[in-house]
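So the structure is just underneath, and the comments pick up after that.
Residue numbering restarts at 1 for every chain, and letters A, B, ... go by the order of the sequence lines.
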2 protein chains.
Amino acid sequence: MYYNGPFYVACWLFDPIMNRKPVPTIIDVARRANVSAGTVSNALTGKRPVSARTRERVMLAIEELGYQPNLLARSLVNRTSNTLGIVASGLEFYGPSRTLVGIEQEANALGYTLLLDLLHSPVTPDADSVLDDLAARRVDGIIWAVHEIGDNHAWLSETRLRTLPPMIFLTMEARPGASVVSTDNRMGGALATRHLLELGRRVIGIITGPKQWWEARERLAGWRTALLEAGREPAADLIEEGDWWAASGEACLQKLLARRPDLDAVFACNDQMALGVLRCCHARGLRVPEDLAVVGFDSTPESAYFWPSLTTVRQRLAQLGHIAVAELHRMIKAREQGEETAPTIRNLQPSLIVRESTAPVDTSST
Amino acid sequence: MYYNGPFYVACWLFDPIMNRKPVPTIIDVARRANVSAGTVSNALTGKRPVSARTRERVMLAIEELGYQPNLLARSLVNRTSNTLGIVASGLEFYGPSRTLVGIEQEANALGYTLLLDLLHSPVTPDADSVLDDLAARRVDGIIWAVHEIGDNHAWLSETRLRTLPPMIFLTMEARPGASVVSTDNRMGGALATRHLLELGRRVIGIITGPKQWWEARERLAGWRTALLEAGREPAADLIEEGDWWAASGEACLQKLLARRPDLDAVFACNDQMALGVLRCCHARGLRVPEDLAVVGFDSTPESAYFWPSLTTVRQRLAQLGHIAVAELHRMIKAREQGEETAPTIRNLQPSLIVRESTAPVDTSST
DNA sequence: TTGTAAGCGTTATCAC
DNA sequence: GTGATAACGCTTACAA
């Protein structure tokens, strides 16, 4: 009835998995249920009606054969793979991995599977080869979750975007033609600094991330803005550049204190550097917050258990991922309809979590 | 010369992406280079020789057309997708995400792309649907990186394994037919405890992870072993069960101290709970390590900057990922050759990092 | 070295 | 409601 020809036999003979019976196909199912392949397909996808009796027979055959539809073949003809490519880096850090979880959740909810590509060097990414591979795999959309460092987005242009599936960018400065979703880091920096100003602190230093990083510059800009608002000068000797690691927090505070012994507050631009700051304070016998108030950024779970617990800026990292995927999904659907979507820019507002490192009175460690 | 028939035209007309020219195929390239599709294929894969002149023409055509080979189609005929499925959970924690990075690195080095599936509930995973999907996508192999909690591996059986691609398990108790790579958590627990014994501590408590977790039980077993070796009794009132979070470290230490005011050392089974322990000590005015020596587990980057810096057990998480992928690759290649591979069990040895929380003399914070 | 054509496992079209 | 059949884009005997 169905004969697949000599090639089929050859494949069976040379089957790479010799000690297994060949994987059943939709044709095997059809044969066993005494229907055509098309009917099996319809029974499975429900795209066209199938009588209850046939459906039953089909399902039975599937069960007996242990049939698994081949999604590769399905994607080939459907011209859609229900797959999202995600390019990320720095997954060993809290922020990126938290965001990835958010991305996966929303992707899963929308029926996408994730194809993960991690960049080994976020600074000089070989963007083209990664993106080409993703495009070759026919992903439905791409999430670029690589922090903006130096000119590592130089490859990005409107014309390049046209050669790619719908794409969304995380944590990047707005660019023509690109859809971006970020935390408002500038606002975060301002929140932290205003809080210290309101506490009456007079000499507020900042330990930034690497200036190469866009996020670091934004948080610094927020600090500047808040100081200027208050009529203070954002003096250069109040700024030290760290590298996001705790060790640099410690080292930078040493330098700041050497220059400005009158320092009475410091904004460390992430929680890890803030941890280094706290350690430095303990070592020097500085009381926090009495002698030095400290604010961090990120609100890692641990920060509530530092000693003292850390006042910090919280970004909604998982939500960042959710929104990115939802927006990407919208773009994909729109393009399927042939509609042209205008690029969107989303800026998520962070919030301040006040804890012991700035508020000596309240001992609660929320 | 080549005419693809009415369907091709229809596809062009109903092209989902109407404002774009249809994606070029290998046939378009062939036509433009005045060769056959097979030759283009050979030029691209190098599987069969192609004359220099033809290759040049082909490459030119590819360039001009912006052709991207369709990996879906290629995988369909090759019966291999160069893809690894990874099922993971708890990615918001340091351990799992660090391991994922290791996995991705090695996978990348071996030419695999990763398909990521995160389990929303590691306790009662819907393993079958996730695995079926991965199998339907025809991944070449699967990495199960879900911690063993309760009976969340109940689905696993030798017969089920036979229906799946080659598979490797992380951090799980050995099982017949399954290849596993884990850290030797029992050894880790013993290392930590022996260290405290050698320091002359007499009453050594333990704050475990949830007993539901295999890893937690193993670390506890290591503590027991070490105490028994030294002729001490692993008394029940020295044990408290935490939940891996810092808050539970704090709470558990309170309970331990209430029962055993003579406690002079505690082994917290991860660094986060150890952080909670340190906080509790500060709050109660206990000196670390003079009054209470503290050891953690994991060696997170932050632990070196706790106050005091934390003595902890280091597992090579990235290496765990490397080894898992390398082993999986071996299994895949073996099965391709039709060879039957015996399941392998790998146990990675952890090591102890001694810092201030147990060694008051040495102030270095390596 | 190159072309022809069958085949990978699906879905969609068009009759019946 | 169901069955042939062509098509998705690529690889690979086989023949030339």
Side-chain angles (χ1 to χ4, degrees), chain A residues 1-16 22-31 33-55 57-58 65 67-81 136-138, chain B residues 1-16 22-31 33-55 57-58 65 67-81 136-138:
Chain A
M1 193 169 172
Y2 291 90
Y3 176 60
N4 283 311
F7 189 79
Y8 183 79
V9 173
C11 269
W12 190 85
L13 286 177
F14 298 125
D15 190 76
V23 187
T25 75
I26 201 171
I27 301 214
D28 299 318
V29 175
R31 197 160 14 197
N34 255 303
V35 293
S36 74
T39 301
V40 175
S41 174
N42 290 330
L44 237 38
T45 63
K47 291 194 187 171
R48 305 180 66 89
V50 166
S51 84
R53 286 205 42 213
T54 8
R55 153 170 293 112
R57 287 215 313 285
V58 168
L65 257 40
Y67 165 74
Q68 290 274 2
N70 185 328
L71 294 191
L72 259 28
R74 189 178 277 180
S75 299
L76 183 58
V77 47
N78 281 343
R79 302 162 145 271
T80 171
S81 60
R137 294 202 126 86
R138 299 299 190 261
Chain B
M1 194 171 174
Y2 291 91
Y3 176 59
N4 282 311
F7 189 77
Y8 183 79
V9 173
C11 270
W12 189 84
L13 286 177
F14 298 125
D15 190 75
V23 188
T25 75
I26 201 171
I27 300 213
D28 299 319
V29 175
R31 199 161 11 199
N34 253 304
V35 294
S36 74
T39 301
V40 175
S41 173
N42 290 329
L44 236 39
T45 62
K47 291 195 186 169
R48 306 182 66 90
V50 165
S51 85
R53 285 205 40 213
T54 342
R55 153 169 295 111
R57 286 216 312 285
V58 168
L65 257 38
Y67 166 73
Q68 290 274 2
N70 185 328
L71 293 191
L72 258 28
R74 188 178 275 180
S75 299
L76 183 58
V77 46
N78 282 343
R79 303 160 143 269
T80 170
S81 60
R137 295 202 125 87
R138 298 301 190 259

A/Ala37 has its side chain closest, among C/dT11, D/dG3, C/dC8, to C/dT11

Counting side-chain heavy atoms from CB outward, which of C/dT11, C/dC8, D/dC10 is closest to A/Ser41? C/dT11

Distance (rounded to the nearest 0.5 Å) between A/Ser81 OG and A/Leu71 CG: 10.0 Å

Choose from D/dC8, C/dT4, D/dC10 the nucleotide whose nearest atom is closest to any side-chain atom of B/Ser36. C/dT4

How long is the straight-line distance from CG of B/Leu65 back to CD1 of B/Ile26, given to the nearest 0.5 Å? 12.0 Å

Send over the distance from B/Asn70 CG to C/dT10 C1', rounded to a whole Å. 13 Å

Atom-pair distance (CZ on A/Arg57; P on D/dT2), nearest Å: 8 Å

According to a strict under-4.0 Å criterion, is A/Thr54 in side-chain N/O contact with OP1 or OP2 of D/dT2? yes

At 4.0 Å (heavy atoms only), tell me whether B/Ser75 reaches a base, stays on the sugar-phosphate, or touches nothing. nothing

Rounded distance in Å - CD (A/Gln68) to P (C/dT10): 10 Å

Quick one: list whatever passes side chain to side chain donor-acceptor pair (under 3.5 Å) with A/Ser51, sequence neighbours left out. A/Thr54

Among the candidates C/dT10, D/dC8, C/dG7, find the nucleotide nearest to the side-chain atoms of A/Leu76. D/dC8

Which whole-number value in Å describes the distance from A/Asp28 CG to C/dG9 P? 9 Å

From C-beta outward on B/Lys47, which listed nucleotide comes closest to its side chain: D/dC10, D/dC8, D/dT11? D/dT11

To the nearest Å, how far apart are B/Arg74 CZ and D/dT12 C1'? 13 Å

When we call it a touch if two heavy atoms are under 4.0 Å apart, what does B/Val50 touch: a base, just sugar-phosphate, or nothing? sugar-phosphate

Presence of B/Arg79 side-chain N/O under 4.0 Å of C/dG9 phosphate oxygens OP1/OP2: yes

note: A/Ile27, atom CD1; D/dT2, atom C1'; distance rounded to Å ~ 16 Å

Any base atoms under 4.0 Å from B/Asn78, or only sugar-phosphate, or nothing? Heavy atoms, all strands. sugar-phosphate

Nucleotide nearest A/Val35 when distance is taken to its side chain, options C/dT11, D/dG3, D/dG9: D/dG3

Full working for side-chain contact (heavy atoms from CB on, under 4.5 Å) between B/Asn70 and B/Thr25: CA-CA 8 Å; B/Asn70 185 328; B/Thr25 75; over 6 Å; no

For A/Arg48 and B/Ser51, take the nucleotide of DNA chain C holding the closest heavy atom to each; which residue's nucleotide lies nearer the 5' end? B/Ser51

Going from OG on B/Ser75 to CZ on A/Arg137, what distance comes out if it is rounded to the nearest 0.5 angstrom? 6.0 Å

Rounding to 10 degrees, work out the angle separating the end axes of the helix from C/dT1-D/dA16 to C/dC16-D/dG1 (five pairs an end). 30°

Map B/Thr39 and B/Arg138 onto DNA chain C by nearest heavy atom, then report which one ends up closer to the 5' terminus. B/Thr39

Out of D/dT11, D/dC10, C/dC8, which nucleotide sits closest to the side chain of B/Pro69? D/dC10

Separation of C/dT1 P from B/Arg53 CZ (nearest whole Å): 14 Å

Take atom CG of A/Asn42 and atom C1' of C/dC14, then tell me their distance rounded to the nearest Å. 13 Å

Any heavy-atom pair between the side chains of A/Leu44 and A/Tyr67 that's under 4.5 Å? yes

Less than 4.0 angstrom between a side-chain N/O of B/Thr25 and OP1 or OP2 of D/dG9, yes or no? no

Quick one: list whatever passes side chain to side chain contact (heavy atoms under 4.5 Å, CB included) with B/Asn42, sequence neighbours left out. B/Arg48, B/Val50

Heavy-atom pair with the smallest gap, counting every atom of B/Asn34 and B/Arg57: O-NH2, 3.7 Å

